[in-house]
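Data block below; observations after.
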Amino acid sequence: MTICAHAQQTSQVPVSPKPASEGFRAFEKKFVSDAEFQMSRIVFDNLGYMLTDDPESEGTKYSPENWTLFKKTFDDVCKMGQFKTEMKLTADKCVQRIWIENSSFLLEYTYTRINGKWYLTKVFERDWLY
């Protein structure tokens, strides 16, 4: 800000600091331990469809009413030993894949960082033979 010797009015433009980006691991721990937080961090628009017993059916669209809360972190699932796992984490996206070798079972979760905060934005499930 410049102050002049004569009576000139000065103004400042407020600068909003860039929101601090949360780390994915800290987000995920809170996501699985706090139901209210979890529901606030899911983008249900185009999230995906729950499986049905009919492989010809598209399934039921995920909604807050039919969502089953996540209780385990990806690391917890890895430690279980019964699944193959893969995680690809970049600055603004995380894709976690969980599957059973030699089966049709596959889960894929996509998280996206939006305005510095992580959100679950896509779920893909498969559990039938084609």
Side-chain angles (χ1 to χ4, degrees):
M1 173 168 37
T2 305
I3 300 176
C4 298
H6 56 282
Q8 182 180 24
Q9 189 169 353
T10 62
S11 63
Q12 271 187 299
V13 176
V15 177
S16 299
K18 184 179 178 185
S21 292
E22 64 189 349
F24 183 79
R25 297 290 186 180
F27 154 78
E28 187 182 32
K29 284 180 183 174
K30 187 168 183 180
F31 190 79
V32 301
S33 64
D34 181 334
E36 188 176 320
F37 178 77
Q38 186 172 138
M39 295 304 289
S40 74
R41 292 299 189 88
I42 299 173
V43 180
F44 284 98
D45 301 343
N46 302 315
L47 184 63
Y49 295 85
M50 294 186 329
L51 289 179
T52 66
D53 292 334
D54 178 7
E56 301 298 318
S57 170
E58 184 175 51
T60 303
K61 189 172 181 178
Y62 283 113
S63 70
E65 294 76 30
N66 66 20
W67 182 253
T68 301
L69 293 172
F70 285 10
K71 303 280 187 179
K72 296 184 181 328
T73 65
F74 187 74
D75 286 342
D76 293 338
V77 173
C78 293
K79 291 174 188 171
M80 293 170 67
Q82 68 192 79
F83 303 104
K84 297 284 187 177
T85 57
E86 175 183 76
M87 182 168 108
K88 293 180 182 176
L89 178 62
T90 63
D92 294 318
K93 190 174 191 178
C94 180
V95 177
Q96 299 174 333
R97 296 183 77 218
I98 302 164
W99 71 96
I100 297 175
E101 195 74 44
N102 300 317
S103 81
S104 59
F105 177 80
L106 170 68
L107 297 174
E108 187 172 282
Y109 304 112
T110 302
Y111 298 86
T112 307
R113 191 189 316 248
I114 302 168
N115 295 324
K117 296 180 179 181
W118 288 100
Y119 292 84
L120 178 63
T121 55
K122 194 78 173 161
V123 174
F124 175 78
E125 296 182 325
R126 185 186 71 206
D127 193 19
W128 57 74
L129 294 173
Y130 290 98

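From a predicted model like this one, the values you see are computed outputs, not experimental measurements.
No continuous path of ILVMFWY side-chain contacts below 4.5 Å connects Y119 to W67, so the two sit in separate hydrophobic clusters. Residues F24 and I114 are members of separate hydrophobic clusters, defined by side-chain heavy-atom contacts under 4.5 angstrom among Ile, Leu, Val, Met, Phe, Trp and Tyr. In this structure, L120 is not a member of the same hydrophobic cluster as V95, with clusters built from ILVMFWY side-chain heavy atoms closer than 4.5 Å. Taken together through direct or relayed side-chain contacts under 4.5 Å among Ile, Leu, Val, Met, Phe, Trp and Tyr, L69 and F74 form part of one hydrophobic cluster. Both M87 and L107 are members of a single hydrophobic cluster when ILVMFWY side chains are connected at heavy-atom separations under 4.5 Å.
Within 6.0 Å of CG on N46 lie no more than 12 heavy atoms contributed by other residues, nucleotides or ligands. In this structure, E101 places its CD atom where more than 12 heavy-atom neighbours from other residues, nucleotides or ligands lie under 6.0 Å away. Heavy-atom neighbours of K93 NZ from other residues, nucleotides or ligands within 6.0 Å: at or below the threshold of 12.
Using modelled atom types, no side-chain atom of W118 and backbone atom of E28 make a donor-acceptor pair closer than 3.5 Å. A donor-acceptor pair under 3.5 Å links the side-chain atoms of R113 to the main chain of E22, judged by distance alone. Here the side chain of Q38 pairs a donor or acceptor atom with the backbone of F31 at under 3.5 angstrom.
In this structure, NZ in K88 is found 13.0 Å from CD in Q96, a value given to the nearest 0.5 Å. Taking OH of Y111 as the start and NZ of K122 as the end, the distance is 14.5 Å to the nearest 0.5 Å. Note that CD1 of I42 and OH of Y62 are 10.0 Å apart. Values are rounded to the nearest 0.5 Å. Atom NZ of K84 and atom SG of C78 lie 11.5 Å apart (nearest 0.5 Å).
Proximity of R25 to D75: side-chain heavy atoms (C-beta onward) are separated by under 4.5 Å at one or more points. Between M39 and F44 the shortest side-chain heavy-atom distance falls below 4.5 Å. Side-chain contact check for F83 versus I100: some heavy-atom pair is nearer than 4.5 Å. Here the side chains of K30 and R41 are not in contact, with every heavy-atom distance at 4.5 Å or above.
For the pair D34 and E36, the tightest heavy-atom approach, listed with the atom from each and the gap, is OD1-N, 3.1 Å. Taking all atoms of both residues into account, the shortest heavy-atom contact from W99 to L106 is CB-CD1, 3.9 Å.
Taking the centre of each ring, Y109 and F70 come in below the 6.0 Å mark.
When the side chain to side chain donor-acceptor pair (under 3.5 Å) test is applied to T110, no partner is found at least two apart in sequence or on another chain. Scanning for side chain to side chain donor-acceptor pair (under 3.5 Å) contacts around E108 gives R97, with sequence neighbours left out.
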For this session: Step by step, work out the salt bridge (charged side-chain N to carboxylate O under 4.0 Å, His left out) result for K71 and D76.
Result: CA-CA 9 Å; K71 303 280 187 179; D76 293 338; over 6 Å; no
